Undergrad: 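Got a structure here, written out as structure tokens. Questions coming.
Every value quoted in this text rests on a predicted model; they were computed, and no experiment measured them. Letters A, B, ... mirror the listed sequences (proteins, then strands); counts begin at 1.
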There are 2 protein chains.
Amino acid sequence: MPEPAPEGLDRFDLAILAILQRDNTVPHRVLGERVNLSAAAVHRRVRRMEESGVIIGNFAAVDPARVGQPITIVVEVQVESERLDLLDAAKRSFAADLAVQQCYYVTGEADFVLIVTVASMADYDALTRRLFFENHNVKRFRTLVVMDRIKAGLAVQLPDQNPERI
Amino acid sequence: MPEPAPEGLDRFDLAILAILQRDNTVPHRVLGERVNLSAAAVHRRVRRMEESGVIIGNFAAVDPARVGQPITIVVEVQVESERLDLLDAAKRSFAADLAVQQCYYVTGEADFVLIVTVASMADYDALTRRLFFENHNVKRFRTLVVMDRIKAGLAVQLPDQNPERI
DNA sequence: GTTGAAAGCTTATTGAA
DNA sequence: TTCAATAAGCTTTCAAC
């Protein structure tokens, strides 16, 4: 039985996470009511998870289309050489670019998958120049224009359900 | 000049968003100090942006590896038919699956790009069966296993900088 | 180690100007 | 918009389990 065994997290922690990753403005008092704990206990657990890195951060999600970036694009990038220093350079240049919302280094036919948002296709063209054509280690890239963001949050599936109610 | 022209958002709003999408626990008082506004003014702007949908939501980001899901996979899915009802059925089944963190409907060689997190490759195998093999409209899918999440948040690039300081 | 309750402090929120 | 007052939440302390 290869149980995931979340290190040191009990069902209360997981129940709290399940709520916070959907809405972190829920007061500790309400969290306590939902998981059957006092607000103080909830607070301690939340702080511990923040300090230990289980909770990476607390964010407001902004609609890209409402701040002048209506176009989302998925880009697959293939590199020439997988030399470590060249890969690191690519990682750094991708991660540093403000238009790059997400960047994954992957196995398979592609080496990187980027998710970028831009104001216009002209801006995307400029992005391809500065990130891909100017990087001689980029062999080719594939552009997949997003027509519908069906699910774009960063909620994480949690292995457990609510703790039982009294 | 195709200026993005974020509808009704001024530089104060954008400066506030730039901070909140990195950390929405910053108090309104501190936000006010950074953008040169009172806490009450910041509060009103934040609420207006939440109500108007500029701010989609407020989330705690959870590290998938710490909650029993150490494997992230990017999947490209190609369908047989682009009939609307079949596409909608696929969208719904992808979006409804808890393991699917993100789902984009795209143009190009692929039709969907999914980002999934799983506890094990056995779990991924089960996912491919229930989402792809059991859906007869899925022609083929390509698996790209993520080796490094270089940038995985959902921060959005904002078109403007801080308002000037006094 | 853990918890819940109460205190004091900080922040959010509302209304007046 | 700012300021001031109230309401609400956060955080710490403490006694107890």
Undergrad: Name the residue closer to the 5' end of DNA chain D, choosing between A:Arg29 and B:Val42 according to the nucleotide with the nearest heavy atom.
TA: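 By nearest-heavy-atom nucleotide position, the 5'-most residue is B:Val42.
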Undergrad: A:Arg44 near the nucleic acid: base, sugar-phosphate alone, or nothing, with a heavy-atom cut-off under 4.0 Å?
TA: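 A:Arg44: base contact, heavy atoms under 4.0 Å.
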Undergrad: Please state whether the rings of A:Phe94 and A:Phe112 are parallel, tilted or perpendicular, taking 30° and 60° as the class boundaries.
TA: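 Ring orientation of A:Phe94 relative to A:Phe112: perpendicular.
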Undergrad: For B:Asn24 and C:dT11, give me the distance from atom CG to atom P, rounded to whole Å.
TA: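 Roughly 15 Å, once rounded to whole Å.
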Undergrad: Could you check whether A:His43 gets within reach of a base, just the sugar-phosphate, or nothing at all, counting any heavy atom under 4.0 Å?
TA: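 A:His43: base contact, heavy atoms under 4.0 Å.
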Undergrad: Just how far, in rounded Å, is P of C:dT2 from CG of A:Leu9?
TA: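 Going from CG in A:Leu9 over to P in C:dT2 covers 13 Å.
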Undergrad: Please check the phosphate of C:dT14 (OP1 and OP2 only) for any side-chain N or O of B:Arg47 closer than 4.0 Å.
TA: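 Checking B:Arg47 against C:dT14: at least one side-chain N or O falls below 4.0 Å of OP1 or OP2.
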Undergrad: The side chain of B:Ala41 lies closest to which of these nucleotides: C:dA5, D:dT1, D:dG9?
TA: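 Of C:dA5, D:dT1, D:dG9, D:dT1 is nearest to the side chain of B:Ala41.
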Undergrad: Which nucleotide in the list D:dC10, C:dT2, D:dT12 gets nearest to the side chain of A:Arg48?
TA: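 Closest of the options to the side chain of A:Arg48: C:dT2.
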Undergrad: To the side chain of B:Pro27, which of C:dA12, D:dT2, C:dA5 is closest?
TA: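 Shortest atom-to-atom distance from the side chain points to C:dA12.
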Undergrad: For A:Asn36 and C:dT3, what is the distance between atoms CG and C1' respectively, to the nearest whole Å?
TA: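 To the nearest whole Å, that distance equals 13 Å.
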Undergrad: Is the side chain of B:Asn135 donor-acceptor paired with the backbone N or O of B:Phe132 at a distance under 3.5 Å, no angle test?
TA: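 Not confirmed, B:Asn135 side chain does not pair with B:Phe132 backbone.
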Undergrad: Taking A:Cys103's backbone N and O only, do any of them form a donor-acceptor pair with B:Lys151's side chain (distance below 3.5 Å, no angle check)?
TA: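 No, because the side chain of B:Lys151 does not come within donor-acceptor range (under 3.5 Å) of the backbone of A:Cys103.
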Undergrad: In whole angstroms, how far is the C1' atom of C:dT3 from the CD1 atom of A:Ile16?
TA: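 About 13 Å, once rounded to whole Å.
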Undergrad: Between atom CD in B:Glu51 and atom P in C:dT13, what is the gap in whole Å?
TA: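 Atom CD in B:Glu51 sits about 11 Å away from atom P in C:dT13.
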Undergrad: Is the shortest side-chain N to carboxylate O distance from A:Lys139 to A:Asp111 below 4.0 Å?
TA: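 Judged by the 4.0 Å cut-off on N to carboxylate O distance, A:Lys139 and A:Asp111 do not form a salt bridge.
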Undergrad: In whole angstrom, what separates B:His28's NE2 from D:dT2's C1'?
TA: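 To the nearest whole Å, that distance equals 17 Å.
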Undergrad: Between D:dC3, C:dG4, D:dT11, which nucleotide gets closest to the side-chain atoms of B:Ala40?
TA: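 Selected nucleotide: D:dC3.
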Undergrad: Which of parallel (below 30°), tilted (30 to 60°) and perpendicular (above 60°) describes B:Phe141 and B:Phe133?
TA: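 If you compare the ring of B:Phe141 with that of B:Phe133, the planes turn out perpendicular.
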